[in-house]
Amino acid sequence: MKDLLNGWGLTAATFLPLVGLAVMMLIPKAEETLHKVVALVTSLAVFAIGVALIATFDYDKTGNLQFVVDKKWIQLINSRYIVGLDGISLPLLALTVFIVPLVVIYSWNHFPEPNNPKAFLALILLLETGMVGSFVAQDLILFFVFFEIVLLPMYFMIGVWGGEQRQYAAIKFFLYTLFGSALMIVSILATYSLSPKINIDGHLVHTFDMRLLSTWAGGGLARTTGILVFGGFFMGFGIKVPMFPFHTWLPDAHTQAPTQGSVILAAVLLKLGTYGFVRIAIPIFPQAAKSWAPAIGILAVIGIIYGALGCLAQTDMKRLIAFSSVAHMGFVMLGIATLTPFGINAAIFGMVAHGLITGMLFFIAGSVKDRFHTLEIKRLGGLLIQAPHMGWLLGLACMASLGLPGLAGFWGEFPAILSSYSPAAGLSLPLFRTFMVVAAIGTILAAGYLLWLLQRVAFGTPTEEFADEHIHDMHLTDYIAWVPMVVMILVLGFYPNLIFRVTDGAVIHSLAGVTKLGG
Amino acid sequence: MLAALAPVLAFARPAIDWHALAPEIILTATICIVLLVDVSTSERNRWATSSIAGIGMLAALIPILTLAVKGGPRIMFGGAYVVDDFALVLKALFLVAGYVTLLLSTNEIAEGDFWEGEYYLLVLSSVFGMTVMASARDLITIFIALEMLSIPAYLLAGWRKREVKGNEAGMKYYLMGVFATAVMLYGMSLIYGGTNSTVLAEIGRQIHGSFGKEPVAALGIVFVLVGFAFKVSAVPFHNWAPDTYEGAPIPITAFLSVASKAAGFVAILQLVFLAFLGRGDVIRPLMWILAALTMTVGNLIALRQTNIVRLFAYSSVAQAGFMLAPLAVVGSSASTTREVLQAVVGYLLIYTVVNLGAFAVIIAVGRKTKSGEISSFGGLFEYAPGLAVAMGAFLFALAGIPPLVGWFAKFQVFKALVSQGGASGITMAVVVGVNSVIALYYYANIARTMFMDAPPDGDRTPIRVPVPLLAAMGMAAAATLVVGFIPGVVAHLAEHATFALGG
């Protein structure tokens, strides 16, 4: 079993969804139930592989890549098929394989117009391949390909199944991200040609191998060159996160996307950006990361405040949650900007927590829309009376999102704020302490807009418009899809060490370059 | 009597390598057979010419494979005609592109108001000229090959002879082509005047030597390259392309936008790499400006198009810009030069397959909607999901989105540009990056229409795709999807497509 997982585990987890997709292609469109079953079975199989990987992962060596496969891929450019799992990838891989089956279950009888389960589920499976692949790839080109694979299915998901402004939102999402990717590929190639050659079978060649590049860590590189190359990565990942001035695609994409699309976007896709910083940009260019850190920190706190103020101005529930994503990702980026193990551990926790909580909020928003056919906050009210279960879950998700201790959100935000008290050596102490204060104010605003949302949607009495209408509380599929998420939010809230224990070793390992630089 | 014949007998026949010439000989034989069949059969049996032409092209691929297996460059006629790996890879590309063009044409030409026999004859002649071009390593041979491939193309462009647009297409293409040829010939005469040779290898030696330093060399180089810039429809020499593409029968548009363009690039590559590399200081800025203009202008005008064929005309202009881009750093170092060649050849291979696939879908959809407007693709996903998905794959491959094969083409361009390490390479890479984003907009716009709009006339009857079209589409789609995951195949071909320096 262990041998099989070592050799094939990650590859299977990555490509199994494609197998499911191929099977679905062979089934006629009319067999809707069969399509649902195939998609569910596939995603559950991937989940099972994920569980097996997590179970056999060696937690004493989280800093080392495990289950590594290293095979020839594109020989001409010496790009290799390298996959591996370490403490940084593991929580995110777990999040991905956990969320996708839930999304499929939620979809069971919630297919947005124009229905077509075959195409919809096929896109979800394609997304899963891209997401899993991105988190396990250890070769820059391989990573890039997976990173880009997610664009197409998400574009179609928003554009075909989305809301009224779907076409605008879809193309905006696509163009923004592609712009970042185009600059990122230039940086990837610059990294390739600037790094020293390595010896493979007696030939000296450049490499895309992230492991070797992280060991090189930009040694001997001119300061400005490093800053420019990091800039390309910053654009690619920063747009994906999204960081403050590049965030404008997100509210549109989230608001217009179908519920399932919003959940996947919030839970996993945004993390590709932050993961890219932690996995690629910082370990390979620690020196440049230090130069960039204050700028990233400033943009992060602007994002926190701006996102929160944006939330307060929203009239649409889904758009409010979308803006809250901007704020929460700001906390994650603040943790990353400190370049300390503490901050980055917090950031990874923040990613997982945000994935679960915001995913949950989008699920609920989707169901509210399903029942009331509107998400306009002022038309809603009294959810606790009409659909008490859903109302209580909304309350829980809001509490988790605003960072109430005991729930998962707390362990993402609080340590991130705390870590900016003492950033890595060489970073300006007063500056980061200012960030700390501003971010702390951001949490107050977060409490403000989330409680305000909860109060207006869940409390009070139903508005006249819906007072006499029968509102169905949660369906069975809702329970199946949401309960695991609620459980995870509680478990991680009570026992955050579940994640910190896994990430810590890997984070220290990946920050070796930064630590070596010293002051 | 014998004395009178003596001078004739004294003529020593140059050594002819029949094996190396086998593809061209097979094509010539096929041309003769098609001609004979055309004149000796009745109108309703003319469809046979299509099959014969197709078989001929496939048969011509066989000696290419055997030559590739045997390996080694074969140099003939004092270095004027060389069959090396570069020539073989591109000959194979031209034959495949020609064959796919036939698949696209069969139903279109048989059902329309067209002369059938002559049509296939001319396509074959044009492909023949292209295969010669791939081996031409001499100014005169290049010129002959160019005329050989262009003249049939002028005629084919005006094949819709009863339509004004068809006439315009042929006429415009012809006049512009002749003008370009004149400019090019003037450049060639300047170069010949200075070097006293027409063989590229010899010209290359002299350009590296004292002749290269003379201003007239730079002038000659610029004129020759500008002549071919017309052929590949680089801005500002692109004006003929949209009108010609729109007026020509669509299979011919496909043919012009890939095979004819590729032939222009082959000539440019041979001239630059074998003859002109000594004046990289002239070529680099020229190509930088041409490439940047071509992709930017092509893309910006493409954004405004509502007719799908015109959109593809401008998109193919922009794609030519992407292919010219690596030449902006050619000759700055040996390793960069090698990467430039790989990037351009790789791009040509990928672009040809994907663009032909896209045209196959355009033809298939056009058979039903009888319209060239982009809006006529509305709702395609509802009534022809297979076609819509295939077209989506081709579009996003053209835009360079992984995992579809196009990403690797763009990737190699980036790689060549970045490998130079200088400011001109990096800025060009950024220009390419920005243009990729602009291009995505109009490609995604077609995808949006297909997947997200309703059919404009509410007509949801499924589309019946004829077998030849389906075959063309299937091959292109399979290559687009599969090679995207294993781009090593293209890389391998492009890596081997290096020149043997003959002469």
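Lettering of chains follows the sequences in order, A, B, ..., and the numbering in each one begins at 1. Every value quoted in this text rests on a predicted model; they were computed, and no experiment measured them.
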Visitor: With chain B, which of A:Leu228, A:Leu183, A:Ile77, A:Ile171 has the greatest number of heavy-atom pairs at distances under 4.5 Å?
Guide: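 Top option by heavy-atom pairs under 4.5 Å: A:Ile77.
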Visitor: By the salt bridge (charged side-chain N to carboxylate O under 4.0 Å, His left out) test, which pairs, at least two apart or in different chains, include something from residues 427-444 of chain B?
Guide: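 Sorted result for residues 427-444 of chain B: empty, none.
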Visitor: Between B:Phe451 and chain A, which part of the residue has a heavy atom less than 4.5 Å away: side chain, backbone, both or neither?
Guide: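 Interface part for B:Phe451: both.
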Visitor: Could you pull out the closest heavy-atom pair between A:Val229 and A:Ala190, with the gap in Å?
Guide: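 Where A:Val229 meets A:Ala190 most closely, the heavy atoms are CG2-CB, 4.0 Å.
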Visitor: Which word best sums up how the rings of A:Phe208 and B:Phe411 line up, parallel for under 30°, tilted for 30 to 60°, or perpendicular for over 60°?
Guide: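 The rings of A:Phe208 and B:Phe411 sit tilted, inter-plane angle from 30° to 60°.
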Visitor: For chain B, which of A:Ile188, A:Leu194, A:Ile141, A:Leu151 has the most heavy-atom pairs under 4.5 Å?
Guide: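 The candidate making the most pairs under 4.5 Å is A:Ile141.
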Visitor: Is any side-chain heavy atom of A:Gln138 closer than 4.5 Å to a side-chain heavy atom of A:Val83?
Guide: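 SC-SC contact between A:Gln138 and A:Val83 ruled out.
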Visitor: Tell me if the aromatic rings of A:Phe230 and A:Phe234 count as close, with their centers under 6.0 Å from one another.
Guide: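 That pair fails the under 6.0 Å test.
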Visitor: Of the backbone (N, CA, C, O) and the side chain (C-beta and beyond), which part of A:Leu152 lies under 4.5 Å from a heavy atom of chain B, both, or neither?
Guide: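 It is the side chain, since no backbone atom gets that close.
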Visitor: Counting only heavy atoms closer than 4.5 Å, note whether A:Ile185 contacts chain B via side chain, backbone, both or neither.
Guide: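 Just the side chain, heavy atoms under 4.5 Å.
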Visitor: Which one of B:Gly484, B:Ala447, B:Ala444 has the most heavy-atom pairs closer than 4.5 Å to chain A?
Guide: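 It is B:Ala444.
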Visitor: Name all residues meeting the side-chain contact (heavy atoms from CB on, under 4.5 Å) criterion together with B:Val353; count only those two or more places apart in sequence or in a different chain, and write none if there are none.
Guide: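 Checked B:Val353 against side-chain contact (heavy atoms from CB on, under 4.5 Å); matches are B:Ala476, B:Ala479.
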Visitor: Not counting sequence neighbours, which residues clear side-chain contact (heavy atoms from CB on, under 4.5 Å) with B:Val434? List them please.
Guide: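 For B:Val434, the residues satisfying side-chain contact (heavy atoms from CB on, under 4.5 Å) (neighbours in sequence not counted) are A:Phe179, B:Val430, B:Ile438.
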Visitor: Closest approach of B:Ala328 and B:Met428, non-hydrogen atoms and distance?
Guide: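 Scanning both residues, the minimum pair turns out to be CB-SD, 4.2 Å.
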Visitor: Pairs of donor and acceptor atoms under 3.5 Å between chain A and chain B, please, with atom names and distances.
Guide:
from: A:Trp73; atom 1: NE1; to: B:Phe485; atom 2: O; distance (Å): 2.8
from: A:Tyr155; atom 1: OH; to: B:Ala444; atom 2: O; distance (Å): 3.0
from: A:Gln167; atom 1: OE1; to: B:Arg448; atom 2: NH1; distance (Å): 2.5
from: A:Gln167; atom 1: NE2; to: B:Asp453; atom 2: OD1; distance (Å): 3.1

Visitor: For residues A:Leu125 and A:Met24, determine if any side-chain heavy atom of one lies less than 4.5 Å from a side-chain heavy atom of the other.
Guide: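 Touching, per the 4.5 Å side-chain cut-off.
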